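The basis for the numbers below is simple: all heavy atoms, side chains too, and nothing from hydrogens, waters or symmetry mates. Below, chain A is the first sequence line, B the second, and so on; all start at residue 1. Quantities reported herein were computed from a predicted structural model and do not represent experimental measurements.
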Number of protein chains: 2
Amino acid sequence: MTVATQTPERGRRRRGRSADAAPSVSRDVNYRQLKSPFPLMEVFPADQIADMHETALRMLQELGIKVLLPEARRIFVKGGARVDEDSEMVFIGRDMVEAAVAAAPKSIACRAGARCRDFTLELGSLVFQPGAGAPNATDLERGRRPATGQDYLDFLKLTHHFDVFQMISPQVEPQDVPTHLRHYFTTQAQMELTDKFPFFFSRGTPQVMDCFEMLSTARGLSDEEFRGTARCYTIINTNSPRTLDIPMAQGLVDFARYGQMSIITPFTLMGAMAPITVAGAITLSHAEVLAALTLTQLTNPGAPTCYGTFTSNVDMKSGAPAFGTPSHFQASLAAGQLARHLGLPWRSAAGSASNMNDVQAANENQFGLWGCLMAGATVIIHSAGWLEGGLTVSFEKLICDAEVLNMVAELCAGAQAGTAEIGFDTALREVAPSGHFFATSQTMERYNTAFYEPHVHDYANFGTWAERGSLDASSRATGVWKDILANFQAPAQNEERLGTLQEFIVRRTEEGGAPPES
Amino acid sequence: MTVATQTPERGRRRRGRSADAAPSVSRDVNYRQLKSPFPLMEVFPADQIADMHETALRMLQELGIKVLLPEARRIFVKGGARVDEDSEMVFIGRDMVEAAVAAAPKSIACRAGARCRDFTLELGSLVFQPGAGAPNATDLERGRRPATGQDYLDFLKLTHHFDVFQMISPQVEPQDVPTHLRHYFTTQAQMELTDKFPFFFSRGTPQVMDCFEMLSTARGLSDEEFRGTARCYTIINTNSPRTLDIPMAQGLVDFARYGQMSIITPFTLMGAMAPITVAGAITLSHAEVLAALTLTQLTNPGAPTCYGTFTSNVDMKSGAPAFGTPSHFQASLAAGQLARHLGLPWRSAAGSASNMNDVQAANENQFGLWGCLMAGATVIIHSAGWLEGGLTVSFEKLICDAEVLNMVAELCAGAQAGTAEIGFDTALREVAPSGHFFATSQTMERYNTAFYEPHVHDYANFGTWAERGSLDASSRATGVWKDILANFQAPAQNEERLGTLQEFIVRRTEEGGAPPES
C-alpha cells in the first residue's frame with residue numbers, strides 16, 4: 001500500500017516509486033487524457049434506438065415541455081417554437097431540434113488552469129468526476145454531518161490529488177457558508193487549490209456572472225479569450241418529466257451566451273419521475289436533453305453542450321432510489337446509443353444507494369461504472385465517494401473508488417505482445433520446469449514498473465495483516481485521505497491575479513453578494 | 001431486501017415475490033443457461049495473438065514440458081512426441097498439438113442431476129462457480145478457521161441455492177474428514193444435497209474411480225451412459241512453469257478415458273512462476289494448456305476438455321499475490337483471444353487478495369469479474385466468496401458476490417424498446433410536466449416485475465437504516481446465509497440409489513478407502 005498515489009506537479013510519472021530505484025524504464029500511463037479502450041455494448045437494436053429518437057421528437061412537438069423562464073420561452077419563440085404563455089408550454093418542431101444537433105459541437109476542448117490539465121470531450125474520450133452535490137459529508141472519524149466549507153476544501157484537495165479526476169465537481173454543499181456568498185467561497189477555492197477544470201452552479205445570472213468574472217480574473221483572460229473556449233462548466237438537471245425550471249433554463253442561456261459548457265442531465269428514476277421501462281425513461285430523458293440543447297444552440301449556435309443522462313430505478317415496493325442496478329446499467333447503454341445517434345459527447349453516472357462505505361457501496365458503484373464504460377460515456381460523474389443516492393459524500397469511499405478508477409485508467413494504456421513482451425529468449429527459455437521468473441532478463445528490466453501499485457488495497461497475507469490491526473479497506477482509507485490532506489500542496493498560481501480575485505470578492509461581499517435565484 | 005433469492009425446485013420464476021400478487025406478467029429471466037451479452041474486448045492485435053500461439057508451439061517443441069507420470073509419457077510417446085526419460089521431458093510437435101485442438105470438442109454438453117440444471121459449454125455461454133479449493137472458511141460469527149465437513153456442506157447448500165452458480169465447486173477442504181475418505185464425504189454430499197453438475201478432485205486413480213462409480217450409482221447410469229456424456233468435471237492445475245505432476249497428469253488421463261471433463265488451468269502469477277509480462281505469462285499458460293489438451297486427446301480423441309487460465313500478478317516488492325488488478329484483467333482478455341483462436345470453451349477466474357469481506361474484496365472481485373466477462377470467458381471460477389488469494393472462502397462474501405452475479409445474469413436477459421416499452425400512449429402522454437409515473441398504465445402492468453430485487457443490498461434511507469441497526473452489507477449477509485441454510489431443502493432424489501451409494505461408501509470405508517496419490 002502506498003499513499004502518494006498522485007502528486008499534483010508532475011506529468012507522466014510513476015506513483016509511489018522511489019525516484020532512484022533501478023531500472024529507469026517508466027510506464028507510459030497517463031491518467032489525465034484518457035481514451036476508452038472498452039468495446040461498446042448495445043442494449044437495443046438500432047431500429048429501436050431510431051424509434052426512441054423519433055418518439056422524443058414527437059413528444060417535443062406534440063406534448064411539449066414546460067419552460068418556467070420567460071427569457072427562455074422568448075428564445076424558443078424566436079427560434080420558431082410554438083409557445084403557450086398561459087401554460088408555459090413550449091412545443092418544439094423536429095427541424096429546430098435537428099438544426100440544434102447539427103450546430104452543437106461534436107468535440108469540446110476544455111481549457112483548464114494548466115495545459116497538462118486540458119482535455120477534450122468527444123465520443124471516445126473518458127473523464128471522471130467524483131460524487132457531486134451532496135448536502136452531507138461523512139468519514140469514519142467524524143461521522144455523518146451537514147457538509148461545511150472545510151469539507152468542501154478537503155474534497156477539493158482530494159479531487160485535485162488524483163489525476164484520474166480530470167474535472168472538479170461540487171462534491172458537497174458548504175452549508176456553513178451563506179448562500180449569497182457561497183459561490184465566492186467555492187470559486188476562490190477552485191482557483192487557489194487546483195488547476196483542474198472548474199465547476200459553477202447555475203443559481204441565477206448574478207452568481208454565474210460573478211463566477212465568470214472570478215475565473216477570468218484568476219486565469220488572466222480577456223472577455224474574448226473567455227468566450228472563445230470552454231473554461232468551466234455547469235450541470236443542468238431538468239425537472240423530469242418535461243419541465244425546465246428558472247435557474248436551470250437561465251444557466252443554459254448564460255453558459256451558452258458566454259461559450260461555456262452545460263452538461264445537460266435529466267436525473268430520472270424509472271417508475272417514479274420517469275416511465276418504468278428503460279426504453280420509456282430514456283426516451284423521456286432524451287427528449288428533455290434535446291429541448292435543453294435546442295435552447296443552448298438557439299442562444300448561441302455552437303455553444304459547448306454535453307449530452308447527459310442519469311437514469312436508474314426505484315424499488316417499487318418502497319419508492320426508494322436504487323443505483324448500480326441492472327436497469328441503471330441498461331439505461332446507461334441506451335443513453336450511449338442515443339448519444340452516438342447524435343454524435344455528441346455525453347455524461348453518465350455511477351453511484352450507490354448504500355448508507356456507508358461498505359461492500360454494497362463498492363459493488364453498486366463499480367457495477368454502475370462498468371455500465372457507463374461499456375456505454376461509451378465521455379464523462380462519468382459520481383464515480384467516487386457518492387453514498388445514499390447523493391445525500392452524502394464519503395471521504396473513505398472516495399479513496400476506495402479512486403483505486404478502481406486508477407485501475408480503469410491503467411487499462412486505457414493497453415498492452416503489447418511483441419517479441420520483447422512474449423520474451424521467448426529473455427524469459428521463457430531462461431527458466432527450467434518448476435523454476436521461477438524473479439531473475440530473468442525480462443523481469444529485471446521491468447520489475448520496478450510492471451504493475452499498478454494500489455494506494456488502499458493491501459496484498460499482505462492474513463498473519464501480517466492481522467498483526468497490523470486487521471484493518472478493513474475503509475479504515476485504511478482514513479489514513480490515506482488524511483495523509484493526502486496533510487501533504488497537500490496547491491499548484492503554482494499567479495499570486496497577483498489571486499490578489500485581484502480576493503479584492504473582487506471583498507467588494508462583492510460588501511455589496512451584498514448574490515443570492516441564488518429560483 | 002429479500003432473502004429467498006432462489007429456490008431450488010422451480011424453473012423460470014420470480015424470486016421473492018408473492019405468487020398471488022397482481023399483475024401476472026413474469027420476467028423472462030433464467031439464471032441457469034446464460035448466454036453472454038457482453039462485447040468482447042481485445043488487449044492484443046490479432047497478429048500478436050498468432051505470435052503468442054506460435055511461440056507456445058515452439059516452446060512445446062523446443063523446450064518441452066516435464067511430465068512426472070510415466071503413463072502420461074508413454075501416451076505422449078505413442079502419439080509421436082519425443083521423450084527424454086531421464087529428465088522426464090516431453091517434446092511435442094506442432095502437428096500433434098494441432099490434431100489435438102482439432103479433435104477437442106468445441107461444445108460440451110454438461111449433464112447434471114436434473115435436466116433444468118444441464119448446460120452447454122461453448123464460446124458464448126456463461127457459467128459461474130463460487131470460490132474453490134480453500135483450506136479455510138470464515139464468517140462473521142465464528143471467525144476464520146480450518147474448514148470442516150460442516151462448512152463443506154453449508155457451502156454446498158449455498159451453492160445449490162443460487163441458480164447463478166451452475167456448477168458445484170470444491171469450495172473448502174473438509175479438514176476434519178480423513179483424506180482417504182474425504183472423496184466419499186464430498187461425493188455423497190453432492191449427490192444428496194444438489195442436482196447441479198458435480199466436481200471431483202484428481203488425486204489419483206483410486207479416488208477418481210470411486211467418484212465415477214458413486215456418481216453412476218446415484219444417477220442410475222450404465223457404464224456406457226456414463227462414458228457417453230460429461231457428467232462431472234475436475235480442475236487440472238499445471239505446475240508452472242512447464243511441469244505436469246503425477247496426480248494432475250493422471251487426472252487428465254482418467255477423466256479423458258471416461259469421457260468426463262477436465263478444465264485445464266495453469267495458475268500463474270506474473271513475475272513469479274510466470275513471466276512478468278501479460279504476453280509472456282499467457283504464452284506460457286497457453287503452452288501448458290496445449291500440452292495437457294494434447295494428452296487428453298491422445299488418451300481419448302473428443303474427450304471433453306475445457307481451455308483455462310488463471311493469471312494475475314504478484315506485488316513485486318513483497319512477492320505477494322494480487323488479484324483483480326489491471327494485469328489480471330488484461331491476462332483474462334489475452335487468454336480469451338487465444339481460446340477463441342482455438343475455438344474452445346474456456347475458464348477464467350475472478351478473486352481477491354483481501355483478508356476479509358470488505359470494500360477491497362468487493363472491488364477486486366468485481367474488477368476481475370468484468371475482465372472475465374469482457375474476455376468472453378465461458379466458465380468464471382472463484383466468482384464468489386474467495387478471499388486471501390484462495391486461502392479462505394467467506395460465507396458473507398459469497399452472499400455479497402452472488403448479488404453481483406445475479407445482476408450480471410439479469411443483463412443476460414437483455415431489454416426491448418418496442419412500442420409497449422417506449423410507451424408513448426401508455427406512459428409518456430399520460431403524465432403532465434413535473435408529474436409522476438407511479439400510476440400510468442405502463443407502470444401498473446409492470447410494477448411487480450420490472451426490477452431486480454436484491455437479497456443483500458438495502459435501499460432504505462439513512463434514518464430507516466440507522467433505526468435497523470446501521471448494519472453494513474457484510475453483517476446483513478450473515479442473516480442471509482443463515483436463513484438460506486435454515487430453510488434449505490434438498491432437491492428430490494432417488495432414495496434407493498442413494499441407499500446403494502451409502503452401502504458402497506460403507507464397504508469402501510471398511511476396505512480402507514483411497515488415499516490421495518502424489
(Q) Assess, by modelled atom type and distance only, whether the side chains of A/Y459 and B/E364 contain a donor and an acceptor separated by less than 3.5 Å. (A) no
Q: With a 4.5 angstrom heavy-atom cut-off, could you sort out which part of A/P37 is near chain B: side chain, backbone, both or neither?
A: both
Q: Just give me the residue among A/G64, A/A432, A/S352 that pairs up with chain B most often, heavy atom to heavy atom, under 4.5 Å.
A: A/A432
Q | Top contributor to chain B interface from A/M407, A/H436, A/Q366, A/M316 [non-hydrogen pairs under 4.5 Å] | A | A/Q366
Q) Relative to chain B, which segment of A/N461 carries a heavy atom at a distance below 4.5 Å: side chain, backbone, both, or neither? A) backbone
Q) Hey, which of A/G418, A/A320, A/S434 has the most heavy atom pairs under 4.5 Å with chain B? A) A/S434
Q. Do A/E453 and B/K317 meet the salt-bridge criterion of a basic N to acidic O distance under 4.0 Å?
A. yes
Q.
With a 4.5 angstrom heavy-atom cut-off, is it the side chain or the backbone of B/L269 that approaches chain A, or both, or neither?
A. neither
Q: State, to 0.1 Å, how close A/L387 and A/S394 come at their nearest heavy-atom pair, and which atoms those are.
A: CD1-CB, 3.5 Å
Q: Check whether B/E396 gets within reach of chain A through its side chain, its backbone, both or neither, counting any heavy atom under 4.5 Å.
A: neither
Q) Using a cut-off of under 4.5 Å for heavy-atom pairs, which of A/F44, A/F438, A/F323 has the most such pairs with chain B? A) A/F44
**Q.** Pairs of heavy atoms under 4.5 Å with chain A: top-ranked of B/C400, B/P275, B/A362
**A.** B/P275
Q: Please name all residues satisfying side chain to side chain contact (heavy atoms under 4.5 Å, CB included) with A/E88, sequence neighbours left out, ordered by chain then number.
A: A/K66, A/L68, A/R73
Q. Cut-off 3.5 Å, side chains only: do B/T55 and B/T283 have a donor facing an acceptor?
A. no
Q.
Could you tell me if A/S240 and A/E288 have a donor-acceptor pair between their side chains, going purely by distance under 3.5 Å?
A. yes
Q. Salt bridge (charged side-chain N to carboxylate O under 4.0 Å, His left out) with A/E388: which residues, sequence neighbours excluded?
A. A/R144
Q: Could you look at B/A427 and say if it's the side chain, the backbone, both or neither that has a heavy atom under 4.5 Å from chain A?
A: side chain
Q) If you count heavy-atom pairs under 4.5 Å with chain B, which of A/V43, A/L284, A/L333, A/N363 comes out on top? A) A/N363
Q: Look at A/V431, A/I65, A/L428, A/N357 and state which one has the largest set of heavy-atom pairs under 4.5 Å with chain B.
A: A/L428
Q: Look only at the side chain of B/Q442 and the backbone of B/E421, and say whether a donor-acceptor pair between them is shorter than 3.5 Å.
A: yes
**Q.** Proximal component of A/I422, with respect to chain B [non-hydrogen, under 4.5 Å]
**A.** both
